[in-house]
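First the structure, in the form of structure tokens, and then the observations on it.
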Amino acid sequence: MESSVHLTQTAEWEALAAHHHELADTHLRDLFASDPDRGERLVVEAGDLYLDYSKHRLTSETIERLTDLGARVDLLGRAAAMMGGDRINTTEDRAVLHTALRAPRDAVVTLDGENVVPAVHEVLDRMRAFAEAVRSGKWTGYTGRPVRTVVNIGIGGSDLGPAMATRALRSYCHPALDVRFVSNIDGADLAHALADLDPAETLFIVASKTFTTLETLTNAASARDWLVAALGDEAAVAYHFAAVSTATEKVEAFGIDPANMFEFWEWVGGRYSLPSAIGLPLMIAIGPERFDEFLAGYRVIDEHFASAPLTENLPALMGLIGVWYVNLFDAPTHAILPYNEELVRFPAFLQQLDMESNGKRVTREGEAVDYHTGPVVWGEPGTNGQHAFFQLLHQGTRIVPCDFIGTCRPTHELDVHHDLLTANLFAQGEALAFGKPAPAVSAEGVPDELVPHRAFPGNVPSSTLLVPQLTPHVLGQLIAAYEHKVFTQGVVWDINSFDQWGVELGKALANRISPELQRAAEPELAHDSSTNALIRRYRRLRSRHA
Ligand SMILES: O=P(O)(O)OC[C@H]1O[C@H](O)[C@H](O)[C@@H](O)[C@@H]1O
């Protein structure tokens, strides 16, 4: 789309808005009644992913309108530009090549005249050797003992991906290796993680793209102090610290042996960095072969997204259907509901992926948008969410589109549990869509005055993503599907999904306030009265002896 053309002024947008006007009040009950086979037709498959989008408030015509819009903004052309190394992150003048991280060894992805794939595989090979050495016990610490615990120190994209995936794949993890994640600058995080550890058997991975992040450097420095104090020698650091970063000099300056540094590149966004060296703790946990399967899973969906027509393109449809709700139904949030306890961190991972990418208010050209962009993403695994916030989904006043994620085979032996879990997943999608109208409630003998309280309006839209089993290969596919969904929405909204300037202001202000908290003197009255009063109160009460 030419930048001078405003999204909401395109003919495709107007057609979509007119179509919404006609369809907005139609109930899913009626959509199913008039189109009984839609549950078999409004589905799309890609690799192992099966997406049922029939429980959305749409028809085949909606899909046509949405994919027309996708064509108008040249979605697949823009995907090709991203995967081909164009500098689509214009505000940082960077290419966006996370898809090259899972490209096969013989692929060619050119950036500034150079093929980046050999460097990707060189790092992967080094990671494999390192992971094998740690897993087999060949890698020994300063006192000659093998590693029993790996502690990843990182935050944001350098934490959420590996932490989510290591948790998701815990049934594939090395039984004798504990892999932990420390992210928060709150000392409680590090202190608790180290409390039961023996420094002689602990390996730290300091993960930071920039190697400037306050939280990570503070945690890494405290971890180093802890180690050196226990082992009595600075030289021990080289045996117990590895780093993952794009900033070689800063890693060396910290004292980590460059031989234990695993590189990635500025063209990998933090929230897209899990398949890079940022995945090292995951590779150590599940082993290099499983990690290869994980990368191969991403690749299946990358290839699908790049080539499938929009009407059969699973991530594109996820993104376009999301646009339908954000912009036409004014839905402010989007719920991620995995019916799989192993995916407990998946909503948090998707929060960064989606909200840091698409929480933007100006177009690529810097003009204010006159439409909503990224929704608030939130969620919890089922069935726990059912007993907490589903009340609002069923009977609240807001429309919350939901993604149900289900697995057909469990990664444990308790099959009975799994059938009950899945029954709940299917039941929730059904209940949300169809509800229970007042006459049906009355017919059950419910007293009249209780009928409004006990009726379910239904018409709450949901996707069901059903996969065979939560394997490394399937997890890679799931993540790639969401990455490309987020990309799709960013293209439609004409925003830069790959910068994150919105996180900078708070960091700068924290740097200013931090020395003020330690000074005994009154805070300079440089802040507003609220911040000044909070600083004063904190300083008065922070003393342990107060
Ligand atoms: O990997 P790092 O450079 O330490 O960055 C860690 C995180 O912090 C930043 O503030 C960004 O908002 C995130 O996108 C990033 O993932």
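Each ligand, and each atom within it, is numbered from 1 in the order the structure gives.
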Sequence-distant partners of D112, side chain to side chain donor-acceptor pair (under 3.5 Å), two or more places apart: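 R87.
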Stacked cation flag R167 on F181, 6.0 angstrom / 45 deg: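 Verdict for F181: no cation-pi partner in R167.
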Give the numbers and elements of all ligand 1 atoms closer than 4.0 Å to a heavy atom of [X].
X: S158; answer: 1 (O), 2 (P)
X: K209; answer: 1 (O), 2 (P), 3 (O), 4 (O)
X: G156; answer: 16 (O)
X: V503; answer: 10 (O), 12 (O)

Test salt bridge (charged side-chain N to carboxylate O under 4.0 Å, His left out) applied to D302 - qualifying residues, sequence neighbours left out: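 With sequence neighbours excluded, D302 shows a salt bridge (charged side-chain N to carboxylate O under 4.0 Å, His left out) to R102, given in chain and number order.
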Check: F346 ring centroid to Y482 ring centroid under 6.0 Å: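 Ring centroids of F346 and Y482 are less than 6.0 Å from each other.
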Note, H372 side chain near R361 side chain (heavy atom, < 4.5 Å):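 No, every pair of side-chain atoms sits at 4.5 Å or beyond.
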Min side-chain heavy-atom separation V300-H304 under 4.5 Å: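 Result no, sub-4.5 Å side-chain heavy-atom pair not found.
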Q352 touching ligand 1 at heavy-atom level, < 4.0 angstrom: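 Contact present.
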Heavy atom of K507, distance to ligand 1 below 4.0 Å: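 Under 4.0 Å: yes for K507.
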Distance-only N or O hit between ligand 1 and T216, under 3.5 Å: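 No; every N/O pair is 3.5 Å or more apart.
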Whether F498 and H98 hold their rings parallel, tilted or perpendicular, with breakpoints at 30° and 60°: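 Ring orientation of F498 relative to H98: tilted.
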Nearest protein heavy atom with distance in Å, relative to [atom]:
atom: atom 16 (O) of ligand 1; value: G157 N, 2.8 Å
atom: atom 6 (C) of ligand 1; value: I155 O, 3.2 Å
atom: atom 11 (C) of ligand 1; value: E356 OE2, 3.6 Å
atom: atom 5 (O) of ligand 1; value: T213 OG1, 3.5 Å

Check: N219/S222 side-chain N/O donor and acceptor closer than 3.5 Å: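 Looking only at side-chain atoms, S222 and N219 do not form any donor-acceptor pair under 3.5 Å.
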Per-residue contact class, T210 against ligand 1 - non-hydrogen pairs under 4.0 Å: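 For T210, backbone and side-chain atoms both sit under 4.0 Å from ligand 1.
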